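A short write-up of the structure that comes next.
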There are 2 protein chains.
Amino acid sequence: MSDEAIHRELNTLARRVRAEAHRLHPALSFVAYTLLGHARATGGCRAVDLAALYQLDKSTVSRQVADLERRGLLEREPGGRGQRLRVTAAGLAELAAAAAGQREALARRLAGWDEADLRAFAGYLERYNATDGTVSP
Amino acid sequence: MSDEAIHRELNTLARRVRAEAHRLHPALSFVAYTLLGHARATGGCRAVDLAALYQLDKSTVSRQVADLERRGLLEREPGGRGQRLRVTAAGLAELAAAAAGQREALARRLAGWDEADLRAFAGYLERYNATDGTVSP
DNA sequence: CTCATAGAGTTGTACTCTACAACTACGTCA
DNA sequence: TGACGTAGTTGTAGAGTACAACTCTATGAG
């Protein structure tokens with residue numbers, strides 16, 4: 001029934017969101033954007049937190065972070081272990097630019113929706129994402 | 001203000017769907033799965049249709065299709081141009097196996113939802129995906 | 001009928017994201 | 001103090017992707 005449809009639509013969505021993000025703001029990849037966004041939201045998480053949250057390998061995060069740092073968007077609090085990651089001013093600006101483009105595209109898509117539907121859709125998405133899909137071992 | 005939330009949740013979703021699909025059924029990648037699925041759904045579309053639908057480059061689709069063919073999951077109707085792509089019996093089986101895993105995970109996630117919410121969520125997703133996000137030039 | 005052109009597909013190349021494995025560096029605790 | 005666990009890095013490999021240059025095929029104008 002409905003979950004057949006949900007399954008299909010989620011797959012379509014997953015393809016498109018990424019591709020679109022990349023088209024809209026090639027300077028900051030989808031991955032970089034989400035990592036940077038979370039660093040900002042938490043005000044200084046560690047690399048290992050990002051890896052856990054997004055189910056990425058340590059090495060992947062390490063390289064992403066190194067790249068963001070090289071570009072001046074992120075700073076590592078010095079110190080050997082559990083370094084805090086802080087978004088720089090340039091990073092904030094880049095984040096804002098990327099978000100703006102994405103939000104604009106989103107607004108275009110949601111143009112015909114009324115307020116109640118928007119709230120309901122947002123609610124369902126939050127509810128869905130909040131569920132932990134992993135199987136307890 | 002709901003679109004702030006929608007924006008955020010869509011990004012989370014995009015990350016997870018892919019990663020999860022890959023974890024659940026590594027034999028058939030997320031990409032291969034969606035392409036094969038659409039070939040089956042349409043009963044013989046062309047490569048160029050897949051490219052248009054998923055906003056992929058021709059070359060990407062070409063290689064994916066070649067790989068699926070090499071693995072015996074897809075057949076190309078012979079003939080030079082606009083070849084129809086047909087899912088083989090093996091392809092159907094592989095699709096079913098991948099879908100089963102994903103659907104099971106989905107069902108686990110949606111376990112607490114009642115029928116009305118499921119229908120509503122599916123409806124919103126369909127509506128969202130149906131909107132063409134591209135800007136007319 | 002013939003050839004020019006547009007459309008479909010392929011191939012070469014290069015880049016990003018990613019995982020896994022092996023390694024290093026740093027703390028912590030017995 | 002030394003062993004162990006945690007955080008992070010580096011080497012390597014493979015998938016997915018785009019872009020550009022190419023080939024092949026159908027179609028239609030003359």
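Computed from a prediction, not measured in an experiment: that's the story for all the values here. Residue numbering restarts at 1 for every chain, and letters A, B, ... go by the order of the sequence lines.
Comparing dG9(C), dC17(C), dA18(D) against the side chain of V31(A) picks out dC17(C) as the nearest. Of the candidate nucleotides dG16(D), dT18(C), dA19(C), dA19(C) has the atom nearest to the side chain of D57(A). Of the candidates dA19(C), dG8(D), dG12(C), dG12(C) carries the atom nearest the S59(B) side chain, counting heavy atoms from C-beta on. For A47(A), taking side-chain heavy atoms from C-beta onward, the closest of the listed nucleotides dG8(D), dT10(D), dT10(C) is dG8(D). In this structure, of dA22(C), dT12(D), dG9(C), it is dT12(D) that holds the atom nearest to the side chain of R63(A). Considering only side-chain atoms of T60(B), the nucleotide from dG9(C), dT18(C), dT17(D) that sits closest is dT17(D). Listed candidates were dG9(C), dT17(D), dA7(D). Nearest to the side chain of V48(A) is dA7(D).
Per the geometry, CG belonging to L35(B) stands 11 Å off C1' belonging to dG16(D), to the nearest Å. If you measure from atom NE2 of H25(A) to atom C1' of dT16(C), you get 16 Å, rounded to the nearest angstrom. For the pair R84(A) CZ and dA7(D) P, the computed distance is 11 Å after rounding to whole Å. In this structure, the CZ atom of F30(B) is 23 Å from the P atom of dG14(D), given to the nearest Å. When the P atom of dG8(D) is taken as reference, atom CD of Q64(A) falls 15 Å away, rounded to whole Å. For the pair H22(B) NE2 and dA19(C) P, the computed distance is 9 Å after rounding to whole Å. Residue L56(A) contributes atom CG, which lies 14 Å from atom P of dG8(D) at whole-angstrom precision. Straight-line distance from the CZ atom of R76(A) to the P atom of dG8(D): 9 Å, rounded to whole Å.
T42(A) contributes a side-chain N or O that, together with a main-chain N or O of H38(A), makes up a donor-acceptor pair within less than 3.5 Å. Between the side chain of R84(A) and the main chain of G44(A), a donor-acceptor pair closer than 3.5 Å is present.
Taking both residues in full, the closest heavy atoms of L36(B) and G91(B) are given as CD2-O, 4.0 Å, listed atom of the first, atom of the second, then distance.
Note on R46(B): every side-chain N or O is 4.0 Å or more away from OP1 and OP2 of dG9(C). Under 4.0 angstrom from either OP1 or OP2 of dG9(C) there lies no side-chain N or O belonging to S62(B).
Between Y124(B) and F121(A), the ring planes lie tilted relative to each other; the angle falls in the 30° to 60° range.
Counting heavy atoms from C-beta outward, E20(B) and R109(B) have side chains that approach closer than 4.5 Å.
Take the nearest nucleotide of DNA chain C for K58(A) and for S29(A): the residue whose nucleotide is more 5' is S29(A).
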